[in-house]
Amino acid sequence: MSDTGVHEEPELIQLLTPEGELTGHPDYPLEISADEARALYRDLVLVRRVDSEAVSLQRQGELGLWASLLGQEAAQIGSGRALREQDMAFPSYREHGVAWCRGIQPKELLGMFRGVTNGGWDPHEHGFHLYTIVIGSQALHATGYAMGVQRDGALGEDGTAVISYFGDGATSQGDTNEAFNFASVNNAPVVFFCQNNQWAISEPLERQSRVPIYKRAAGFGFPGVRVDGNDVLAVLAVTRAALANAREGNGPTLVEAFTYRMGAHTTNDDPTRYRASAELDEWKAKDPILRMRRYLEGNGLADEEFFASVDAEADALGEQVRTECRSLPDPEPLEIFHEVYAEPHVHIDRQRAEFAEYLASFEAEGA
Amino acid sequence: MTNLTIGKAINAGLRAAMEHDPKVLVMGEDVGKLGGVFRVTDGLYKDFGADRVIDTPLAESGIVGTAIGMAMRGYRPVVEIQFDGFFFPAANQTFTQLAKMRRRSAGKLSMPVVMRIPYGGGIGAVEHHSESPESYFLHTAGLRVVSVANPEDAYWMIQQAIRSDDPVIFLEPKRRYYEKAEVDTEASIAEAAPMGAARVARPGTDVTLLAYGPMVKTALQAAEADTDHSIEVLDLRSLAPVDYPTVFESVRKTGRLVVAHEATLTGGPGAEIAARVTEECFYHLEAPVIRVAAFDTPYPQSRLEEYYLPDLDRVLDGVDRAFAY
């Protein structure tokens, strides 16, 4: 049998062991201050709290659906904090941690899952595109945006880099593979950031790919790297390097963040039907927050007071999220017709007028 | 005045748009050095360079998907889909992303993307090169759909489509690419007929014959050939939205409507137009709205296409049916 690479053990870039020991990596040196390390820990805790509140809000009927990021906090915070202000991120629909880094308020995300908006934040203001639900579509948008960056001449040390998020399931989509190829032949400044959380709803990784995902990059002609997705420091260092490479005009990189979806696919899913609880226990030992806490404690970078203050902040944030979610107003019925087209459209105008008249007829009856 | 074919007129319109706005890009398969398989982008690569006339990898979804990203970055991409039948790999990006992006973003993102598609049959081609997919686009909220039938419209409407902040599906009647006429390319775009307006291509009093794209010529031939009836030919020009006031005005005058298109009958543009005309012109109609369309079959092998495509005789037969009531 020819060498398919299937049996080779992939290298996993890790800077911080699950026990919280900083080992570092020669290819990815990371200088990080105590303040920065504490800030990352705070991010991890706060986004996990937003997420758990959202799950509860869905259970209470306040949200139609929620896609939990539980377990993927380090992959998202590490990569999100690697971005610069001018960079542009193209998320899938689970990137609540990246959204947090890009200054999207939790209520904006909740609005979408509550059904009061389809997103609605300004992608340009935040450098964060709208959530994209059709799997893999956004990888092409990111690539096209990056081709625009090239044409703007916005490369160089202070240039703009683009990052596209997607999951292991998306690597089976044609659009993702077309994006790899378009980016490669155009040498576009884009980082493909795959959160391999091992599961595409009920289908395990081996149903999506026979080779480690990061190895696919080689076939397209650009580097691929697998990073420990539960190690926020490694993700930060690896993503920063990939973004710098893109920024400086050296083309795309595929980063595979090896992580685990600790929760269900969404609140409608029941993982007990398809996976063993032992697997979850194994990954709990690699928890991204626990690992960072051990690092901070073990190196005297944070004290009990710090951890208590982060917990208190998380409690306050949770309360804020609950209140804001419940007070999100339903849109007006005629909002259906808003922003379908940029310019006047006679069919829409007519249908809006007829529907407005129809609605008004009830008010007239009630009066 | 310049004597131009439809193909050359689109080429001249693209050139004018690229000169007018540096953000206008052309992208697609073979649009660069080759100038496109129909040569519609001929010479643009030479004059505007590879950054603005982009030979893409052979992947239609990739072309439309990256055009969306370019539009987000402030560009106005004009995408060429090489043939109608090759649109379908790009259907996801068109229907779930391009068409919905403005509304998804509550108006914060515009999608000034033009998708040029040579469409329709009659050129003796192999499978997938003769399709009329317009009904899929009409059914999709967020898209504008136009088709041109003469060099004048080809020249101006491609420029209007590029200036639109909405995504425009620009359907080019490939078997009419070589039809010639005089075009005043020195005139101002502001004086050109609006992109959404229908046009009375030939006035008449007895029956309205509505067509667009490649069927306009056939409709005009029918009007010429039918010495028993005065046929008013309407060139619809914009399929979405439809200029209904012009359609209704004509039908109220003639009392009869025949709609002709190469798209298949069921769920085709004629079905929607018939429904709307029935609602709005009910008391003016002397006969039901008649449709002359392709059969509800896959496009046949080319040796059968003369039977499949609505031709002069089938259009005339449709007109006769409108007078049978």
Side-chain angles (χ1 to χ4, degrees), chain A residues 88 90 112 117-125 129-134 136-152 154 160 162 164 173-175 177-186 188 190 335-350, chain B residues 22-23 25 27 51-52 54-75 77 89 92-93 95-113 141-144 163-167 195-196 238 240-245 276:
Chain A
M88 188 74 189
F90 287 77
M112 177 177 161
T117 68
N118 286 323
W121 58 84
D122 187 337
H124 295 301
E125 186 188 330
H129 186 44
L130 302 165
Y131 276 1
T132 298
I133 293 176
V134 179
S137 297
Q138 74 280 7
L140 280 167
H141 307 162
T143 302
Y145 190 92
M147 289 165 67
V149 169
Q150 285 178 304
R151 278 157 183 77
D152 292 342
T160 297
V162 183
S164 174
Q173 283 281 6
D175 276 6
N177 289 274
E178 289 187 25
F180 290 170
N181 196 44
F182 272 65
S184 179
V185 300
N186 287 290
V190 58
E335 203 269 352
I336 290 168
F337 301 97
H338 288 189
E339 301 297 354
V340 183
Y341 294 91
E343 291 154 25
H345 190 285
V346 289
H347 299 179
I348 301 286
D349 294 346
R350 180 194 163 102
Chain B
K23 294 291 187 184
L25 307 172
M27 55 194 292
D51 270 359
R52 293 187 67 193
I54 307 167
D55 268 332
T56 64
L58 206 169
E60 288 78 9
S61 189
I63 297 169
V64 177
T66 52
I68 289 169
M70 297 254 214
M72 281 186 65
R73 184 71 190 178
Y75 287 88
N92 167 55
Q93 286 290 345
F95 296 146
T96 77
Q97 306 299 312
L98 181 65
K100 291 172 186 270
M101 199 68 86
R102 180 174 195 87
R103 186 163 159 77
R104 182 177 302 148
S105 70
K108 294 177 186 76
L109 296 178
S110 289
M111 283 289 126
V113 176
L143 301 176
R144 291 178 187 271
R163 290 192 190 191
S164 172
D165 281 334
D166 290 317
M195 188 172 75
S238 172
V242 169
D243 176 9
Y244 279 116
R276 288 297 309 279

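Naming: A, B, ... by sequence-line order, numbering from 1 per chain.
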D152(A) and R73(B): which non-hydrogen atoms are nearest, and at how many Å? OD2-NE, 2.6 Å

Counting only heavy atoms closer than 4.5 Å, note whether T117(A) contacts chain B via side chain, backbone, both or neither. neither

Least distance between heavy atoms, V185(A) atom then P57(B) atom: CG2-CG, 3.7 Å

Non-hydrogen atoms of A342(A) and D165(B) that approach each other most closely: CB-CB, 3.6 Å

Validation row: H141(A), Q93(B) side chains within 4.5 angstrom (heavy atoms): yes

Is the shortest heavy-atom distance from the side chain of K108(B) to the side chain of E125(A) under 4.5 Å? no

Contact part of K100(B) toward chain A, heavy-atom cut-off under 4.5 Å: side chain, backbone, both or neither? neither

Using heavy-atom distances under 4.5 Å, tell me whether M88(A) contacts chain B through its side chain, its backbone, both, or neither. side chain

S105(B) versus chain A, heavy atoms under 4.5 Å apart: side chain, backbone, both or neither? both

For chain A, the option from S164(B), A141(B), A99(B), G142(B) that forms the most heavy-atom pairs under 4.5 Å: G142(B)

Heavy-atom contact with chain A under 4.5 Å, split by part of A59(B): both

According to side-chain contact (heavy atoms from CB on, under 4.5 Å), who are the partners of Q150(A), at least two apart in sequence or on a separate chain? M147(A), L155(A), N186(A), N187(A), A188(A), P189(A)

Using a cut-off of under 4.5 Å on heavy-atom pairs, state which of A106(B), S61(B), A240(B), A71(B) scores highest against chain A. S61(B)

Residue part contacting chain B, namely of F90(A), when any heavy atom lies under 4.5 Å: side chain

With sequence neighbours left out, what residues match H347(A) under side-chain contact (heavy atoms from CB on, under 4.5 Å)? H345(A), Q351(A), P241(B), V242(B), Y244(B)

Minimal heavy-atom distance between F182(A) and T66(B), with the atoms involved, is CD2-CG2, 3.7 Å

Please check this pair: side chain of Y341(A) against backbone of L143(B), looking for a donor-acceptor N/O pair closer than 3.5 Å. yes

Rounded at 0.5 Å granularity, tell me how far CD1 in I63(B) sits from CG in L140(A). 10.5 Å

S184(A) portion near chain B, given a 4.5 angstrom heavy-atom threshold: neither

Ranking A179(A), P123(A), G119(A) by heavy-atom pairs under 4.5 Å to chain B gives rank one to P123(A)

Using non-hydrogen atoms only, which part of V162(A) is less than 4.5 Å away from chain B: side chain, backbone, both, or neither? neither

Would the distance check show the side chain of R103(B) and the main-chain N or O of H338(A) forming a donor-acceptor pair, the cut-off being under 3.5 Å? yes

Rounded distance [0.5 Å steps], CG in L130(A) versus CD in Q97(B): 10.0 Å

Against chain B, work out which of E178(A), Q138(A), R151(A) has the most heavy-atom pairs shorter than 4.5 Å and name it. R151(A)

Let's test your reading of the structure: which of N92(B), D243(B), V64(B), L25(B) forms the most heavy-atom pairs below 4.5 Å with chain A? N92(B)

Are side-chain heavy atoms of R144(B) and E343(A) found at a separation under 4.5 Å? yes

